[in-house]
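Start at 1 and go down the list; that is how both ligands and their atoms are numbered.
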Amino acid sequence: MDFFNSVEQAAEIFKKKKDGTIRLISHLDADGICACSIIIKTLKRLNKKYSVSIIHQLNEDFIRELSKEDYDIYFFTDLGSGQIPLIKKYIQRKIVFILDHHKPSEEKSENIIQVNPNLFGIEGSKEISGAGVVFLFCRALDKKNDDLAHLAIIGAIGDVQEEKGFSGLNKEILEIAVKNDKIKIEKSLRLFGITTRPIHKVLEYSTDPYIPRISGSESNAIQFLNNLNIDPKNGSKWKTFRDLTEEEKKKLISAIILERIEEENPEDVFGNLYLLVDEEEDSSMGEAREFSTLLNACGRLDKASLGIGVCLNDGDMKKKAIRNLTDYKKEISNSIRWYEENKKSEDVIEKENYLIINAKDNILGTVIGTLASILSKSNGIKEKYIMSLARIDNKTTKVSLRFSGSKEVNLKEIVSEIVEKIGGEAGGHKNAAGALISTENEERFIEEAKNSFEKL
Ligand SMILES: [Mn+2]
């Protein structure tokens with residue numbers, strides 16, 4: 001049996017269940033929100049009723065609560081594979097579909113149908129997202145769901161599966177999205193915000209790829225444009241990249257490559273834009289990378305339902321989600337300010353090869369990883385492990401680990417080793433890892449982390 005057979009088989013089982021109440025549980029990030037939106041749209045088309053929860057993590061308490069509810073069919077999307085033993089323990093005599101791309105479970109149960117690409121040698125961290133798995137399931141139910149392929153692509157981008165294009169099943173799903181006129185691919189400068197932000201701001205905020213002397217400085221970015229005879233303004237309005245003439249675009253691109261001449265891959269500034277054909281070009285939903293940021297912002301500020309509304313094309317929800325994005329950006333700048341103001345306090349420990357920030361209640365647990373990512377790309381912090389902690393609620397602390405520098409690291413392994421000693425749950429991958437730990441273990445976790453970093 002191959003992966004497609006297993007998708008077909010799961011779809012057949014669902015088709016046979018004509019009636020029955022449906023419960024959806026999905027993950028809180030952009031991928032999980034896309035996954036959930038795809039299945040919701042599909043169920044709506046089938047005139048089926050459902051009830052939804054979007055959660056940060058699937059733990060025993062939550063599964064126990066689920067078992068008390070009275071639904072006939074459960075869908076776990078973009079999560080669940082790791083918790084099959086628990087699901088098996090609590091949810092019996094109901095049909096459970098797990099559509100996930102995380103590490104699969106060997107554990108089996110008659111009522112649990114696990115659809116997971118990793119079981120068939122497909123790399124779930126690279127070749128397909130949770131939304132992608134759900135998309136394949138829904139298209140197996142009905143080909144007309146092909147028009148949801150773009151959501152699977154946004155999910156994959158949210159899970160950082162796009163790297164100079166897509167591979168594997170993601171590539172096939174992208175082709176479906178293009179064929180259905182949902183996505184248009186455009187070669188462009190690979191800089192975040194290129195379709196929505198003024199060009200000088202895009203240059204200023206460009207950390208990956210990094211532009212020496214320009215990244216991080218608004219005035220240098222404006223000066224850079226002036227030197228190229230590119231007027232950054234159109235009357236009183238700042239120009240975006242798309243407002244530039246073709247000649248100006250070419251001039252700008254070659255100038256950026258020249259600025260980067262001492263970097264490892266100076267020409268590494270090109271990439272694909274995945275334009276959402278049905279959305280307004282310069283909106284936050286106009287390009288897949290920004291769209292996924294918008295969804296992440298919804299999830300992180302605990303408004304996942306807004307994100308689902310955006311995916312389902314609800315105009316009112318879209319407006320609210322954009323306002324939420326502004327709030328999210330404020331949370332991020334607040335977190336940076338808190339760090340700057342508390343650098344010298346006992347909550348921040350900086351040593352030769354590591355930086356540990358314990359923000360406690362001062363930064364949202366859902367934003368703390370973003371702070372670590374931003375710091376890992378900033379100029380002041382080089383060749384250091386950056387570990388940040390903040391509390392999600394009064395008993396759970398979120399830990400994030402990043403590395404600033406070009407050395408090969410395996411952050412997931414480092415976090416997993418500490419978790420093994422202190423307790424908690426590790427997640428993530430080589431270049432961005434994290435954990436959820438019990439708040440009372442914060443101090444012990446930090447001590448153990450210091451030991452680990454000092455040995456590295
Ligand atoms: Mn995912």
Side-chain angles (χ1 to χ4, degrees), residues 3 7 10 24-42 52-59 62 75-84 87 97-105 114-120 122-138 148-163 166-174 177 274 288-289 291-300 304 307-308 310-311 366 369-370 373 398 400 411-412 415 425-436:
F3 178 56
V7 172
L24 308 175
I25 300 101
S26 196
H27 191 216
L28 187 68
D29 65 3
D31 186 25
I33 292 173
C34 287
C36 196
S37 302
I38 293 171
I39 196 140
I40 287 178
K41 185 79 190 175
T42 301
V52 190
S53 294
I54 306 284
I55 57 175
H56 192 75
Q57 64 163 347
L58 184 59
N59 57 25
F62 186 84
F75 278 98
F76 292 91
T77 55
D78 192 34
L79 43 68
S81 269
Q83 290 77 20
I84 288 182
I87 295 171
F97 292 93
I98 293 171
L99 310 175
D100 195 2
H101 69 135
H102 294 97
K103 200 167 173 278
S105 170
Q114 179 180 215
V115 179
N116 190 315
N118 297 287
L119 293 169
F120 302 92
I122 296 166
E123 190 68 67
S125 57
K126 206 72 244 162
E127 298 175 50
I128 188 165
S129 63
V133 175
V134 174
F135 170 70
L136 294 181
F137 173 83
C138 292
L148 305 173
H150 58 291
L151 293 173
I153 292 304
I154 296 166
I157 287 180
D159 269 11
V160 212
Q161 299 191 335
E162 200 268 359
E163 208 180 340
F166 285 105
S167 63
L169 291 170
N170 277 331
K171 203 169 165 182
E172 293 177 30
I173 296 172
L174 177 63
Y274 301 94
R289 195 170 306 275
F291 200 129
S292 83
T293 303
L294 182 81
L295 298 180
N296 267 323
C298 291
R300 290 191 173 143
I308 292 175
V310 172
C311 291
T366 45
T370 310
S373 294
K398 167 93 174 97
S400 291
L411 302 179
K412 170 83 188 283
V415 169
E425 214 178 300
H429 44 97
K430 272 190 195 163
N431 298 315
L436 290 169

The protein N, O or S atoms lying under 2.8 Å from the Mn ion (ligand 1) are Asp31 OD2, Asp78 OD1, His101 NE2, Asp159 OD2
Exercise for the section: Examine distances only and state if a side-chain atom of Asn118 and a backbone atom of Pro104 form a donor-acceptor pair shorter than 3.5 Å. Expected result: no
Across all chains, not counting sequence neighbours, the salt bridge (charged side-chain N to carboxylate O under 4.0 Å, His left out) partners of Lys412 are none
Sequence neighbours excluded, the answer for side-chain hydrogen bond (donor to acceptor under 3.5 Å, both in side chains) partners of Ser81 is Gln114, Asn116
Check the side chains of His101 and Asp78 for a donor-acceptor pair under 3.5 angstrom, ignoring hydrogens and angles. yes
Sequence neighbours excluded, the answer for ring pair (Phe, Tyr, Trp, His ring centres under 6.0 Å) partners of Phe291 is none
Value for CD1 (Ile55) from NE2 (His27), rounded to nearest 0.5 Å, stands at 8.0 Å
